[in-house]
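In what follows, chains carry the letters A, B, and so on, assigned in the order in which the sequence lines appear, proteins first and then strands, with residues in each chain numbered from 1. Only a predicted model underlies this, so the values are computations on that prediction, with no experimental measurement involved.
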Amino acid sequence: MISTYHAALLADSGILMLGALSVYIILATGQLSLGNAGFMGIGAYLASYLTVEAGLPLTLALVLSALAAGMVGIVIGFPALRLRGIYLAMATLGFGEMVRSFFLNFEPMGGAGGFSGMVHVSVGYIWLWAGGILVLVTLLERSRLWLEIRATHDDETAASLVGLNTTATKIGAFGFGAAVAAVAGGLFAHHHVYIEPANFGFDRSIELVLAVILGGSTVAPGALVGAVLLVLLPETLRFLADWRLAAFGTLLVLVLLVRRQGILDRGLFRALTFRRQAS
Amino acid sequence: MSTMPAPLLSLVDVTRTFGGVQALSGVSLDVAAGRITGVIGPNGAGKTTLFNVITGAYTPTAGEIYLDGARLTGLKPYQIARAGIARTFQNIRLFSSMSVWEHLLVAQRHDGSVFGRLLPAGLARSKAGREAEKALVFFGLEKVRDRPARELPYGTQRKVEMARALTANPRLLLLDEPIAGMSHEEADELRHLLMRLRADGLTILLIEHDMTFVMNLCDRIHVLDFGRQIAHGTPEAVRTDPAVLDAYLGADT
Ligand SMILES: Nc1ncnc2c1ncn2[C@@H]1O[C@H](COP(=O)(O)OP(=O)(O)OP(=O)(O)O)[C@@H](O)[C@H]1O
Ligand SMILES: [Mg+2]
(Lines give C-alpha, C1' and ligand atoms only; values in the text may rest on other atoms or scores of the structure.)
(Ligands and ions follow the chains in the order given, each with its own letter.)
Protein backbone atom coordinates (compact mmCIF):
# COMPACT_ATOMS: atom_id res chain seq x y z
CA MET A 1 0.00 0.00 0.00
CA ILE A 2 1.10 3.55 -0.66
CA SER A 3 1.53 5.95 2.23
CA THR A 4 -1.15 8.55 2.96
CA TYR A 5 1.36 11.21 1.94
CA HIS A 6 1.78 9.73 -1.52
CA ALA A 7 -1.92 8.96 -1.80
CA ALA A 8 -2.71 12.62 -1.15
CA LEU A 9 -0.26 13.71 -3.86
CA LEU A 10 -1.78 11.23 -6.27
CA ALA A 11 -5.29 12.42 -5.49
CA ASP A 12 -4.27 16.06 -5.93
CA SER A 13 -2.71 15.25 -9.32
CA GLY A 14 -5.87 13.52 -10.51
CA ILE A 15 -8.11 16.39 -9.49
CA LEU A 16 -5.76 19.01 -10.91
CA MET A 17 -5.49 17.05 -14.16
CA LEU A 18 -9.27 17.08 -14.57
CA GLY A 19 -9.34 20.82 -13.91
CA ALA A 20 -6.55 21.29 -16.44
CA LEU A 21 -8.43 19.17 -18.99
CA SER A 22 -11.44 21.43 -18.56
CA VAL A 23 -9.27 24.39 -19.54
CA TYR A 24 -7.68 22.40 -22.37
CA ILE A 25 -11.05 21.51 -23.94
CA ILE A 26 -12.09 25.17 -24.11
CA LEU A 27 -8.63 26.30 -25.21
CA ALA A 28 -8.73 23.78 -28.06
CA THR A 29 -11.34 25.99 -29.74
CA GLY A 30 -9.14 29.06 -29.27
CA GLN A 31 -10.87 30.40 -26.16
CA LEU A 32 -8.89 31.05 -22.97
CA SER A 33 -11.01 30.69 -19.84
CA LEU A 34 -9.68 32.05 -16.55
CA GLY A 35 -12.93 31.17 -14.81
CA ASN A 36 -12.85 27.39 -14.61
CA ALA A 37 -12.43 27.44 -10.83
CA GLY A 38 -15.98 28.84 -10.92
CA PHE A 39 -17.24 25.71 -12.69
CA MET A 40 -15.21 23.63 -10.23
CA GLY A 41 -16.88 25.47 -7.36
CA ILE A 42 -20.33 24.82 -8.77
CA GLY A 43 -19.49 21.13 -9.05
CA ALA A 44 -17.98 20.98 -5.56
CA TYR A 45 -20.93 22.66 -3.83
CA LEU A 46 -23.61 20.91 -5.84
CA ALA A 47 -22.10 17.43 -5.48
CA SER A 48 -21.58 18.00 -1.75
CA TYR A 49 -25.17 19.14 -1.33
CA LEU A 50 -26.41 16.10 -3.22
CA THR A 51 -24.44 13.57 -1.17
CA VAL A 52 -24.69 15.22 2.26
CA GLU A 53 -28.16 16.80 2.22
CA ALA A 54 -29.99 14.71 -0.39
CA GLY A 55 -28.21 11.45 0.39
CA LEU A 56 -27.42 10.54 -3.21
CA PRO A 57 -24.54 8.21 -4.06
CA LEU A 58 -21.42 10.13 -5.07
CA THR A 59 -21.25 8.88 -8.65
CA LEU A 60 -24.80 10.02 -9.36
CA ALA A 61 -24.11 13.32 -7.61
CA LEU A 62 -21.05 13.88 -9.81
CA VAL A 63 -22.98 13.12 -12.99
CA LEU A 64 -25.79 15.51 -12.03
CA SER A 65 -23.30 18.24 -11.06
CA ALA A 66 -21.50 17.80 -14.36
CA LEU A 67 -24.76 18.18 -16.27
CA ALA A 68 -25.76 21.27 -14.29
CA ALA A 69 -22.35 22.92 -14.67
CA GLY A 70 -22.36 21.97 -18.35
CA MET A 71 -25.57 23.93 -18.72
CA VAL A 72 -24.01 26.94 -16.98
CA GLY A 73 -21.01 26.55 -19.29
CA ILE A 74 -23.26 26.73 -22.34
CA VAL A 75 -24.90 29.87 -20.98
CA ILE A 76 -21.44 31.42 -20.45
CA GLY A 77 -20.44 30.27 -23.95
CA PHE A 78 -22.88 32.64 -25.63
CA PRO A 79 -21.51 36.00 -24.43
CA ALA A 80 -18.01 34.50 -24.79
CA LEU A 81 -18.59 34.34 -28.56
CA ARG A 82 -18.38 38.12 -28.70
CA LEU A 83 -15.04 38.28 -26.89
CA ARG A 84 -11.53 37.26 -27.81
CA GLY A 85 -8.09 36.92 -26.24
CA ILE A 86 -7.43 39.08 -23.23
CA TYR A 87 -11.03 40.38 -23.11
CA LEU A 88 -12.43 36.86 -22.92
CA ALA A 89 -9.84 36.00 -20.26
CA MET A 90 -10.92 38.96 -18.13
CA ALA A 91 -14.64 38.27 -18.58
CA THR A 92 -14.27 34.62 -17.55
CA LEU A 93 -12.14 35.71 -14.60
CA GLY A 94 -15.07 37.93 -13.62
CA PHE A 95 -17.39 34.93 -13.90
CA GLY A 96 -15.18 32.91 -11.56
CA GLU A 97 -15.14 35.67 -8.97
CA MET A 98 -18.93 35.95 -9.30
CA VAL A 99 -19.32 32.27 -8.42
CA ARG A 100 -16.88 32.56 -5.52
CA SER A 101 -18.66 35.54 -4.00
CA PHE A 102 -22.00 33.81 -4.50
CA PHE A 103 -20.90 30.92 -2.28
CA LEU A 104 -19.33 33.40 0.14
CA ASN A 105 -22.81 34.80 0.71
CA PHE A 106 -24.70 31.53 0.39
CA GLU A 107 -25.44 30.84 4.06
CA PRO A 108 -27.43 27.59 3.52
CA MET A 109 -24.09 25.96 2.68
CA GLY A 110 -21.98 27.72 5.26
CA GLY A 111 -21.04 30.93 3.46
CA ALA A 112 -17.52 32.02 4.39
CA GLY A 113 -17.40 29.30 7.05
CA GLY A 114 -17.36 26.54 4.44
CA PHE A 115 -19.23 23.26 4.18
CA SER A 116 -18.39 19.78 5.44
CA GLY A 117 -19.89 16.38 6.09
CA MET A 118 -18.78 14.70 2.88
CA VAL A 119 -17.51 11.12 3.00
CA HIS A 120 -13.86 10.79 2.00
CA VAL A 121 -13.21 9.06 -1.34
CA SER A 122 -10.30 6.82 -2.23
CA VAL A 123 -7.50 7.73 -4.63
CA GLY A 124 -8.61 4.83 -6.77
CA TYR A 125 -12.06 6.32 -7.22
CA ILE A 126 -10.59 9.71 -8.14
CA TRP A 127 -8.33 8.13 -10.75
CA LEU A 128 -11.16 6.10 -12.17
CA TRP A 129 -12.79 9.39 -13.13
CA ALA A 130 -9.55 11.15 -14.04
CA GLY A 131 -8.24 8.28 -16.14
CA GLY A 132 -11.62 7.66 -17.74
CA ILE A 133 -12.08 11.26 -18.82
CA LEU A 134 -8.46 11.53 -20.01
CA VAL A 135 -8.88 8.43 -22.19
CA LEU A 136 -12.20 9.76 -23.48
CA VAL A 137 -10.73 13.11 -24.52
CA THR A 138 -7.63 11.46 -25.99
CA LEU A 139 -9.83 9.21 -28.13
CA LEU A 140 -12.04 12.16 -29.05
CA GLU A 141 -8.94 13.89 -30.39
CA ARG A 142 -8.82 11.40 -33.24
CA SER A 143 -12.42 12.08 -34.24
CA ARG A 144 -13.90 14.25 -36.95
CA LEU A 145 -15.45 16.44 -34.26
CA TRP A 146 -11.99 17.28 -32.97
CA LEU A 147 -10.88 18.25 -36.48
CA GLU A 148 -13.74 20.77 -36.41
CA ILE A 149 -12.49 22.01 -33.05
CA ARG A 150 -8.95 22.44 -34.41
CA ALA A 151 -10.21 24.20 -37.53
CA THR A 152 -12.13 26.62 -35.33
CA HIS A 153 -8.97 27.21 -33.31
CA ASP A 154 -6.71 27.70 -36.33
CA ASP A 155 -8.89 29.98 -38.48
CA GLU A 156 -12.46 30.56 -37.46
CA THR A 157 -13.44 32.40 -40.64
CA ALA A 158 -12.02 29.72 -42.93
CA ALA A 159 -13.67 27.03 -40.77
CA SER A 160 -17.10 28.60 -41.21
CA LEU A 161 -16.54 29.00 -44.93
CA VAL A 162 -15.82 25.28 -45.33
CA GLY A 163 -19.18 24.58 -43.69
CA LEU A 164 -18.38 24.21 -40.00
CA ASN A 165 -20.73 25.66 -37.41
CA THR A 166 -18.06 27.33 -35.31
CA THR A 167 -20.63 28.90 -32.99
CA ALA A 168 -21.93 25.49 -31.92
CA THR A 169 -18.36 24.20 -31.56
CA LYS A 170 -17.27 27.04 -29.28
CA ILE A 171 -20.38 26.94 -27.11
CA GLY A 172 -20.24 23.14 -26.91
CA ALA A 173 -16.62 23.30 -25.76
CA PHE A 174 -17.60 25.64 -22.92
CA GLY A 175 -20.33 23.22 -21.87
CA PHE A 176 -18.06 20.17 -22.02
CA GLY A 177 -15.20 21.96 -20.26
CA ALA A 178 -17.51 23.18 -17.50
CA ALA A 179 -18.84 19.65 -16.96
CA VAL A 180 -15.32 18.23 -16.59
CA ALA A 181 -14.40 21.07 -14.20
CA ALA A 182 -17.47 20.23 -12.11
CA VAL A 183 -16.34 16.61 -11.78
CA ALA A 184 -12.94 17.90 -10.62
CA GLY A 185 -14.70 20.12 -8.09
CA GLY A 186 -16.94 17.32 -6.82
CA LEU A 187 -13.94 15.03 -6.35
CA PHE A 188 -12.01 17.83 -4.65
CA ALA A 189 -14.86 18.27 -2.17
CA HIS A 190 -15.03 14.56 -1.39
CA HIS A 191 -11.26 14.23 -1.11
CA HIS A 192 -10.75 17.14 1.28
CA VAL A 193 -14.19 16.58 2.93
CA TYR A 194 -14.34 20.30 3.56
CA ILE A 195 -14.83 23.14 1.07
CA GLU A 196 -14.87 26.90 1.33
CA PRO A 197 -15.29 29.59 -1.36
CA ALA A 198 -11.59 30.43 -1.22
CA ASN A 199 -10.82 26.97 -2.67
CA PHE A 200 -12.27 28.16 -5.95
CA GLY A 201 -10.72 31.59 -6.31
CA PHE A 202 -8.90 32.92 -9.30
CA ASP A 203 -5.56 31.51 -8.16
CA ARG A 204 -7.11 28.09 -8.72
CA SER A 205 -8.16 29.09 -12.25
CA ILE A 206 -4.61 30.23 -12.92
CA GLU A 207 -3.24 26.93 -11.60
CA LEU A 208 -5.43 25.02 -14.08
CA VAL A 209 -4.25 27.14 -17.01
CA LEU A 210 -0.66 26.79 -15.83
CA ALA A 211 -0.88 22.98 -15.83
CA VAL A 212 -2.06 23.05 -19.46
CA ILE A 213 0.53 25.56 -20.65
CA LEU A 214 3.35 23.75 -18.87
CA GLY A 215 2.31 20.20 -19.72
CA GLY A 216 1.37 20.90 -23.32
CA SER A 217 -1.58 22.74 -24.80
CA THR A 218 -1.97 20.79 -28.06
CA VAL A 219 -2.67 17.26 -26.77
CA ALA A 220 -4.93 16.12 -23.92
CA PRO A 221 -2.23 14.12 -22.06
CA GLY A 222 -0.38 17.43 -21.68
CA ALA A 223 -2.82 18.11 -18.86
CA LEU A 224 -1.56 14.97 -17.12
CA VAL A 225 2.08 15.97 -17.48
CA GLY A 226 1.34 19.50 -16.26
CA ALA A 227 -0.75 18.39 -13.30
CA VAL A 228 1.80 15.84 -12.07
CA LEU A 229 4.59 18.43 -12.40
CA LEU A 230 2.65 21.13 -10.58
CA VAL A 231 1.91 18.76 -7.71
CA LEU A 232 5.32 17.07 -7.49
CA LEU A 233 7.75 19.92 -8.25
CA PRO A 234 7.02 21.96 -5.13
CA GLU A 235 7.48 18.74 -3.14
CA THR A 236 10.78 17.73 -4.72
CA LEU A 237 12.08 21.29 -4.38
CA ARG A 238 11.38 21.22 -0.64
CA PHE A 239 15.14 21.06 0.13
CA LEU A 240 15.37 24.62 -1.16
CA ALA A 241 13.18 25.72 1.75
CA ASP A 242 12.12 29.35 1.33
CA TRP A 243 13.58 29.49 -2.16
CA ARG A 244 11.44 26.76 -3.63
CA LEU A 245 8.76 29.02 -5.07
CA ALA A 246 11.40 31.18 -6.72
CA ALA A 247 13.05 28.09 -8.16
CA PHE A 248 9.68 26.85 -9.35
CA GLY A 249 8.97 30.17 -11.09
CA THR A 250 12.39 30.08 -12.78
CA LEU A 251 11.78 26.56 -14.04
CA LEU A 252 8.43 27.60 -15.45
CA VAL A 253 9.91 30.54 -17.33
CA LEU A 254 12.66 28.31 -18.71
CA VAL A 255 10.26 25.66 -19.96
CA LEU A 256 8.14 28.28 -21.71
CA LEU A 257 11.19 29.89 -23.30
CA VAL A 258 12.43 26.57 -24.64
CA ARG A 259 9.08 24.96 -25.47
CA ARG A 260 6.27 27.40 -26.03
CA GLN A 261 3.81 24.61 -26.82
CA GLY A 262 4.52 22.97 -23.43
CA ILE A 263 6.43 19.81 -22.59
CA LEU A 264 4.20 17.39 -24.51
CA ASP A 265 3.18 18.25 -28.07
CA ARG A 266 1.66 16.33 -30.99
CA GLY A 267 5.01 15.17 -32.35
CA LEU A 268 6.32 13.94 -29.02
CA PHE A 269 3.03 12.28 -28.11
CA ARG A 270 2.95 10.46 -31.44
CA ALA A 271 6.54 9.30 -30.99
CA LEU A 272 5.76 8.05 -27.49
CA THR A 273 2.72 6.10 -28.63
CA PHE A 274 4.38 4.76 -31.80
CA ARG A 275 1.52 6.03 -33.88
CA ARG A 276 1.51 7.30 -37.43
CA GLN A 277 -0.31 10.57 -38.06
CA ALA A 278 -4.09 10.03 -37.99
CA SER A 279 -4.77 7.40 -40.58
CA MET B 1 -27.98 31.15 -78.19
CA SER B 2 -30.97 29.15 -76.94
CA THR B 3 -28.63 26.43 -75.65
CA MET B 4 -27.66 28.38 -72.49
CA PRO B 5 -28.20 26.02 -69.54
CA ALA B 6 -30.22 27.21 -66.56
CA PRO B 7 -28.22 29.36 -64.11
CA LEU B 8 -27.03 27.64 -60.94
CA LEU B 9 -26.13 30.89 -59.24
CA SER B 10 -27.87 34.24 -59.75
CA LEU B 11 -26.89 37.63 -58.41
CA VAL B 12 -29.54 40.34 -58.67
CA ASP B 13 -28.41 43.92 -58.32
CA VAL B 14 -25.84 43.17 -55.62
CA THR B 15 -24.15 46.13 -53.94
CA ARG B 16 -21.55 46.17 -51.21
CA THR B 17 -20.01 49.32 -49.76
CA PHE B 18 -17.16 49.74 -47.29
CA GLY B 19 -17.49 53.19 -45.76
CA GLY B 20 -17.40 55.37 -48.84
CA VAL B 21 -15.99 52.70 -51.16
CA GLN B 22 -18.42 50.98 -53.52
CA ALA B 23 -16.67 47.61 -53.78
CA LEU B 24 -19.63 46.25 -55.75
CA SER B 25 -22.38 48.35 -57.24
CA GLY B 26 -25.50 46.85 -58.75
CA VAL B 27 -23.89 43.68 -60.06
CA SER B 28 -26.28 41.20 -61.68
CA LEU B 29 -24.98 38.00 -63.18
CA ASP B 30 -25.91 34.38 -63.82
CA VAL B 31 -23.51 31.47 -63.52
CA ALA B 32 -24.50 28.67 -65.88
CA ALA B 33 -24.65 25.15 -64.48
CA GLY B 34 -21.88 22.83 -65.61
CA ARG B 35 -19.73 25.59 -67.10
CA ILE B 36 -16.56 27.41 -66.14
CA THR B 37 -17.22 31.12 -65.73
CA GLY B 38 -14.42 33.65 -65.33
CA VAL B 39 -14.37 36.91 -63.40
CA ILE B 40 -11.70 39.38 -64.44
CA GLY B 41 -10.92 43.01 -63.77
CA PRO B 42 -8.10 45.29 -62.65
CA ASN B 43 -6.81 45.30 -59.04
CA GLY B 44 -9.44 46.52 -56.61
CA ALA B 45 -12.25 45.93 -59.09
CA GLY B 46 -14.31 44.03 -56.51
CA LYS B 47 -13.68 40.44 -57.61
CA THR B 48 -12.80 39.05 -54.20
CA THR B 49 -15.63 41.05 -52.65
CA LEU B 50 -17.95 39.30 -55.10
CA PHE B 51 -16.80 35.92 -53.72
CA ASN B 52 -17.13 37.21 -50.17
CA VAL B 53 -20.76 38.22 -50.61
CA ILE B 54 -21.63 34.98 -52.42
CA THR B 55 -20.18 32.88 -49.59
CA GLY B 56 -21.65 35.01 -46.82
CA ALA B 57 -18.28 36.20 -45.51
CA TYR B 58 -19.74 39.69 -46.10
CA THR B 59 -23.45 40.45 -46.29
CA PRO B 60 -24.44 42.47 -49.36
CA THR B 61 -25.50 46.04 -48.65
CA ALA B 62 -28.31 45.52 -51.17
CA GLY B 63 -29.42 42.90 -53.67
CA GLU B 64 -30.21 39.20 -53.64
CA ILE B 65 -28.27 36.00 -54.31
CA TYR B 66 -29.87 32.69 -55.30
CA LEU B 67 -28.45 29.20 -55.61
CA ASP B 68 -30.61 27.09 -57.89
CA GLY B 69 -33.56 29.32 -57.07
CA ALA B 70 -33.09 29.23 -53.29
CA ARG B 71 -32.31 32.52 -51.59
CA LEU B 72 -28.86 32.65 -49.97
CA THR B 73 -28.94 36.23 -48.74
CA GLY B 74 -28.95 36.36 -44.94
CA LEU B 75 -27.69 32.81 -44.43
CA LYS B 76 -24.59 32.24 -42.30
CA PRO B 77 -21.36 31.26 -44.11
CA TYR B 78 -21.51 27.66 -42.90
CA GLN B 79 -25.11 27.35 -44.11
CA ILE B 80 -24.16 28.65 -47.54
CA ALA B 81 -21.24 26.21 -47.64
CA ARG B 82 -23.60 23.35 -46.77
CA ALA B 83 -25.99 24.51 -49.47
CA GLY B 84 -23.26 23.55 -51.91
CA ILE B 85 -20.78 26.40 -52.40
CA ALA B 86 -17.10 25.80 -51.70
CA ARG B 87 -14.27 28.26 -52.22
CA THR B 88 -10.55 28.91 -52.10
CA PHE B 89 -8.87 32.10 -50.94
CA GLN B 90 -6.69 34.61 -52.75
CA ASN B 91 -4.43 34.77 -49.69
CA ILE B 92 -4.36 31.05 -48.88
CA ARG B 93 -6.16 30.08 -45.67
CA LEU B 94 -5.09 26.63 -44.58
CA PHE B 95 -5.38 25.37 -41.00
CA SER B 96 -2.02 25.85 -39.29
CA SER B 97 -2.11 22.70 -37.16
CA MET B 98 -3.29 20.31 -39.86
CA SER B 99 -1.62 17.93 -42.26
CA VAL B 100 -2.73 17.72 -45.88
CA TRP B 101 -4.72 14.58 -45.08
CA GLU B 102 -6.57 16.29 -42.23
CA HIS B 103 -7.54 19.12 -44.58
CA LEU B 104 -9.22 16.55 -46.79
CA LEU B 105 -11.36 15.27 -43.92
CA VAL B 106 -12.33 18.47 -42.16
CA ALA B 107 -14.79 19.81 -44.73
CA GLN B 108 -16.57 16.54 -45.45
CA ARG B 109 -20.16 16.05 -44.45
CA HIS B 110 -20.48 12.31 -45.11
CA ASP B 111 -20.35 11.25 -41.48
CA GLY B 112 -22.28 14.28 -40.28
CA SER B 113 -24.42 12.47 -37.70
CA VAL B 114 -23.57 13.08 -34.05
CA PHE B 115 -22.19 9.58 -33.56
CA GLY B 116 -20.38 9.48 -36.86
CA ARG B 117 -18.50 12.60 -35.85
CA LEU B 118 -17.28 11.00 -32.63
CA LEU B 119 -15.58 8.16 -34.47
CA PRO B 120 -11.95 8.37 -35.57
CA ALA B 121 -11.75 10.55 -38.67
CA GLY B 122 -10.84 9.17 -42.07
CA LEU B 123 -10.44 5.47 -41.48
CA ALA B 124 -9.38 3.90 -44.75
CA ARG B 125 -12.61 1.97 -45.26
CA SER B 126 -15.00 4.78 -44.30
CA LYS B 127 -16.75 6.88 -46.93
CA ALA B 128 -14.85 9.93 -45.71
CA GLY B 129 -11.54 8.09 -45.99
CA ARG B 130 -12.29 7.07 -49.56
CA GLU B 131 -13.36 10.59 -50.55
CA ALA B 132 -10.21 12.05 -49.06
CA GLU B 133 -8.08 9.48 -50.87
CA LYS B 134 -9.80 10.39 -54.14
CA ALA B 135 -9.06 14.10 -53.72
CA LEU B 136 -5.47 13.28 -52.71
CA VAL B 137 -4.90 11.34 -55.91
CA PHE B 138 -6.79 13.81 -58.12
CA PHE B 139 -4.46 16.65 -57.12
CA GLY B 140 -1.35 14.45 -56.93
CA LEU B 141 -0.79 15.13 -53.24
CA GLU B 142 0.05 11.56 -52.18
CA LYS B 143 3.69 12.34 -51.42
CA VAL B 144 2.83 15.18 -49.03
CA ARG B 145 -0.13 13.43 -47.39
CA ASP B 146 1.15 13.68 -43.82
CA ARG B 147 3.07 16.95 -44.09
CA PRO B 148 1.80 20.08 -42.33
CA ALA B 149 -0.02 21.84 -45.19
CA ARG B 150 1.33 25.27 -44.35
CA GLU B 151 4.94 24.16 -44.85
CA LEU B 152 4.41 23.26 -48.51
CA PRO B 153 5.31 25.38 -51.55
CA TYR B 154 2.76 28.00 -52.56
CA GLY B 155 1.44 26.14 -55.59
CA THR B 156 0.96 22.95 -53.59
CA GLN B 157 -0.89 24.87 -50.87
CA ARG B 158 -3.30 26.12 -53.54
CA LYS B 159 -3.94 22.52 -54.58
CA VAL B 160 -4.61 21.55 -50.95
CA GLU B 161 -7.14 24.39 -50.73
CA MET B 162 -8.88 23.20 -53.89
CA ALA B 163 -8.85 19.61 -52.66
CA ARG B 164 -10.34 20.69 -49.33
CA ALA B 165 -13.07 22.58 -51.19
CA LEU B 166 -13.86 19.58 -53.40
CA THR B 167 -14.18 17.15 -50.48
CA ALA B 168 -17.17 19.21 -49.33
CA ASN B 169 -18.84 17.85 -52.48
CA PRO B 170 -19.99 21.28 -53.73
CA ARG B 171 -22.29 22.12 -56.62
CA LEU B 172 -20.45 25.36 -57.21
CA LEU B 173 -16.70 25.84 -56.78
CA LEU B 174 -15.30 29.37 -56.39
CA LEU B 175 -11.58 29.77 -57.09
CA ASP B 176 -9.86 33.06 -56.25
CA GLU B 177 -6.68 33.31 -58.36
CA PRO B 178 -5.97 29.56 -58.39
CA ILE B 179 -2.71 29.71 -60.36
CA ALA B 180 -1.06 32.58 -58.46
CA GLY B 181 2.29 31.21 -57.27
CA MET B 182 2.19 28.21 -59.62
CA SER B 183 4.76 27.38 -62.26
CA HIS B 184 3.72 27.33 -65.91
CA GLU B 185 3.60 23.53 -65.89
CA GLU B 186 1.54 23.41 -62.70
CA ALA B 187 -0.91 25.94 -64.14
CA ASP B 188 -1.32 23.90 -67.29
CA GLU B 189 -1.86 20.75 -65.29
CA LEU B 190 -4.48 22.54 -63.20
CA ARG B 191 -6.26 23.70 -66.33
CA HIS B 192 -6.70 20.08 -67.34
CA LEU B 193 -7.93 19.12 -63.88
CA LEU B 194 -10.53 21.88 -63.99
CA MET B 195 -11.68 20.71 -67.41
CA ARG B 196 -12.10 17.20 -65.98
CA LEU B 197 -14.21 18.61 -63.15
CA ARG B 198 -16.37 20.46 -65.67
CA ALA B 199 -16.79 17.25 -67.65
CA ASP B 200 -18.04 15.63 -64.44
CA GLY B 201 -20.72 18.34 -64.22
CA LEU B 202 -19.22 20.69 -61.62
CA THR B 203 -19.94 24.41 -62.00
CA ILE B 204 -16.89 26.63 -61.51
CA LEU B 205 -16.56 30.38 -61.04
CA LEU B 206 -12.99 31.60 -61.06
CA ILE B 207 -11.08 34.83 -60.65
CA GLU B 208 -7.76 35.02 -62.46
CA HIS B 209 -5.39 37.70 -63.70
CA ASP B 210 -3.63 35.44 -66.23
CA MET B 211 -5.52 36.24 -69.45
CA THR B 212 -4.22 33.27 -71.43
CA PHE B 213 -5.39 30.91 -68.69
CA VAL B 214 -8.82 32.56 -68.48
CA MET B 215 -9.37 32.79 -72.23
CA ASN B 216 -8.35 29.16 -72.78
CA LEU B 217 -10.53 27.74 -70.04
CA CYS B 218 -13.67 29.78 -69.48
CA ASP B 219 -16.97 29.37 -71.29
CA ARG B 220 -18.08 32.85 -70.30
CA ILE B 221 -16.41 35.83 -68.69
CA HIS B 222 -17.65 38.71 -66.56
CA VAL B 223 -15.57 41.86 -66.31
CA LEU B 224 -15.62 44.11 -63.25
CA ASP B 225 -14.14 47.58 -62.93
CA PHE B 226 -14.56 49.83 -59.88
CA GLY B 227 -17.31 47.57 -58.57
CA ARG B 228 -19.39 47.67 -61.75
CA GLN B 229 -19.86 44.99 -64.34
CA ILE B 230 -18.64 46.58 -67.56
CA ALA B 231 -18.90 43.58 -69.89
CA HIS B 232 -19.79 39.92 -70.08
CA GLY B 233 -19.93 37.26 -72.73
CA THR B 234 -17.78 34.69 -74.49
CA PRO B 235 -13.99 35.04 -74.27
CA GLU B 236 -13.86 36.25 -77.90
CA ALA B 237 -16.52 38.91 -77.30
CA VAL B 238 -14.94 40.14 -74.07
CA ARG B 239 -11.41 40.25 -75.53
CA THR B 240 -12.43 42.77 -78.17
CA ASP B 241 -14.92 44.76 -76.06
CA PRO B 242 -13.87 48.44 -76.14
CA ALA B 243 -14.97 49.01 -72.51
CA VAL B 244 -12.72 46.15 -71.38
CA LEU B 245 -9.73 47.36 -73.36
CA ASP B 246 -10.31 50.78 -71.87
CA ALA B 247 -10.43 49.49 -68.28
CA TYR B 248 -7.22 47.51 -68.68
CA LEU B 249 -5.35 50.23 -70.51
CA GLY B 250 -6.59 52.75 -67.96
CA ALA B 251 -5.34 50.58 -65.13
CA ASP B 252 -1.96 49.95 -66.69
CA THR B 253 -1.02 53.56 -67.32
N1 LIG C 1 -12.98 44.41 -45.69
C2 LIG C 1 -12.83 45.53 -46.42
N3 LIG C 1 -12.84 46.75 -45.82
C4 LIG C 1 -12.70 47.87 -46.53
N5 LIG C 1 -12.52 47.91 -47.85
C6 LIG C 1 -12.51 46.75 -48.52
C7 LIG C 1 -12.65 45.50 -47.84
N8 LIG C 1 -12.59 44.51 -48.76
C9 LIG C 1 -12.41 45.10 -49.95
N10 LIG C 1 -12.36 46.44 -49.81
C11 LIG C 1 -12.21 47.41 -50.89
O12 LIG C 1 -13.08 47.06 -51.93
C13 LIG C 1 -12.46 47.22 -53.19
C14 LIG C 1 -12.48 45.93 -53.95
O15 LIG C 1 -11.59 45.01 -53.34
P16 LIG C 1 -11.43 43.50 -53.80
O17 LIG C 1 -10.51 42.84 -52.85
O18 LIG C 1 -12.76 42.91 -53.99
O19 LIG C 1 -10.73 43.68 -55.21
P20 LIG C 1 -10.18 42.57 -56.21
O21 LIG C 1 -10.86 42.82 -57.51
O22 LIG C 1 -10.25 41.25 -55.63
O23 LIG C 1 -8.66 43.03 -56.36
P24 LIG C 1 -7.32 42.15 -56.56
O25 LIG C 1 -7.24 41.82 -58.02
O26 LIG C 1 -6.22 43.08 -56.16
O27 LIG C 1 -7.43 40.95 -55.69
C28 LIG C 1 -11.07 47.76 -52.93
O29 LIG C 1 -11.11 49.17 -53.04
C30 LIG C 1 -10.81 47.36 -51.51
O31 LIG C 1 -9.96 48.26 -50.87
MG1 LIG D 1 -8.93 39.81 -55.05
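To the nearest 0.5 Å, atoms OG (B:Ser96) and NE2 (A:His153) are separated by 7.0 Å. Distance CG/B:Leu118 to CZ/A:Arg142: 14.0 Å, rounded to 0.5 Å. Rounded to the nearest 0.5 Å, atoms CG (A:Asp154) and CZ (B:Arg93) are 11.5 Å apart. Distance check: A:Thr152 OG1 to B:Phe95 CZ gives 7.5 Å after rounding to the nearest 0.5 Å. In this structure, OG on B:Ser97 lies 11.0 Å from CG on A:Asp155, to the nearest 0.5 angstrom.
Put simply, of A:Leu147, A:Asn165, A:Leu139, the one with the most heavy-atom pairs under 4.5 Å next to chain B is A:Asn165.
Closest heavy-atom contact between A:Leu164 and B:Tyr78: O-CB, 3.3 Å. Here the shortest heavy-atom pairing between A:Ser143 and B:Arg117 reads CB-O, 3.3 Å. Shortest non-hydrogen contact noted between A:Leu161 and B:Pro77 is CD2-CB, 3.8 Å.
Here the side chain of A:Arg144 pairs a donor or acceptor atom with the backbone of B:Leu105 at under 3.5 angstrom.
For a residue to count as touching a neighbouring chain, one of its non-hydrogen atoms must lie under 4.5 Å from one of that chain's; by this rule A:Leu140 touches chain B with the side chain only. When heavy atoms are compared at a cutoff of 4.5 Å, B:Arg87 approaches chain A solely by way of its side chain, counted from C-beta outward.
The neighbour count for A:Ile86 CD1, taken as heavy atoms of other residues, nucleotides or ligands under 6.0 Å away, does not exceed 12. Surrounding OH of A:Tyr87 are at most 12 heavy atoms belonging to other residues, nucleotides or ligands under 6.0 Å away. Few gaps surround OH on A:Tyr125; more than 12 heavy atoms of other groups in view lie less than 6.0 Å from it.
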